Structures are given as structure tokens and as C-alpha cells.
Visitor: 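My questions will all concern the structure given below.
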Amino acid sequence: MKNKSTAIDSARLEKAKEIANNPAEYKVCEGCDSIVGSATVICPNCHGYRFDGSADRVVDQAVYLGVREQTSVTAEDMV
């Protein structure tokens with residue numbers, strides 16, 4: 001049986017793999033370093049509007065976020 005931390009880490013790693021395998025579908029917010037969909041106009045986290053859509057940046061950020069512990073606040077944290 002997996003504990004909650006392992007399940008979350010696994011989910012983060014799987015999402016990072018998905019993003020790294022499809023970098024053209026994503027971009028990185030230059031305000032908060034969040035990864036968002038390529039059609040995003042305003043970052044839902046920091047309301048920034050500057051993004052880096054280069055494949056190298058997206059892949060690097062996905063790998064970085066996928067292997068570290070989550071530090072951002074999510075909607076589930078507010079319940």
C-alpha cells in the first residue's frame with residue numbers, strides 16, 4: 001500500500017513526463033515558474049502574462065517540478 005506522499009510524488013512525476021514528452025502544448029510562466037497550457041493568456045496562479053514557450057525551458061521546468069516536493073498551495077489545501 002502506498003502512502004499519500006508516495007502517491008503524490010508518483011502523480012507529479014507522471015505529469016512531468018507527460019509535459020516533457022509534449023512541450024509544444026505547454027509554456028512556463030515567467031512570473032511564478034508554473035507550467036500552463038500553451039493557450040493560456042493569463043497565469044491562473046500569479047496573473048502574469050509573460051511566458052516562455054521554448055521546448056527546452058518547458059522540459060527543464062517539468063523535470064525540476066516533477067522531482068521536488070510540491071510547495072505551492074492548491075485548491076485542495078484550502079478545504
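Because the structure is predicted, anything quoted here is derived from the model rather than measured.
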Visitor: Where do V59 and A20 come nearest, in terms of heavy atoms and distance?
Guide: CG2-O, 3.7 Å
Visitor: Looking at every heavy atom in both P23 and N21, which two are closest together, and how far apart are they?
Guide: CD-C, 3.5 Å
Visitor: Please give me the minimum heavy-atom distance between T40 and I42, naming the atom from each residue.
Guide: CG2-O, 3.3 Å
Visitor: Name all residues meeting the salt bridge (charged side-chain N to carboxylate O under 4.0 Å, His left out) criterion together with E18; count only those two or more places apart in sequence or in a different chain, and write none if there are none.
Guide: K15
Visitor: Work out which heavy atom in A16 is nearest to a heavy atom in A62; give both atom names and the distance.
Guide: CB-O, 3.2 Å
Visitor: Side-chain donor-acceptor contacts of residues 47-55 below 3.5 Å, not counting sequence neighbours, with atom names and distances?
Guide:
| residue | atom | partner | partner atom | Å |
| --- | --- | --- | --- | --- |
| D52 | OD1 | S54 | N | 2.9 |
| D52 | OD1 | S54 | OG | 2.9 |
| S54 | OG | R57 | N | 3.4 |

Visitor: Given a cutoff of under 4.5 Å between side-chain heavy atoms of I, L, V, M, F, W and Y, with clusters grown through shared members, what are the other residues clustered with L65?
Guide: I19, Y26, V28, I35, V58, Y64
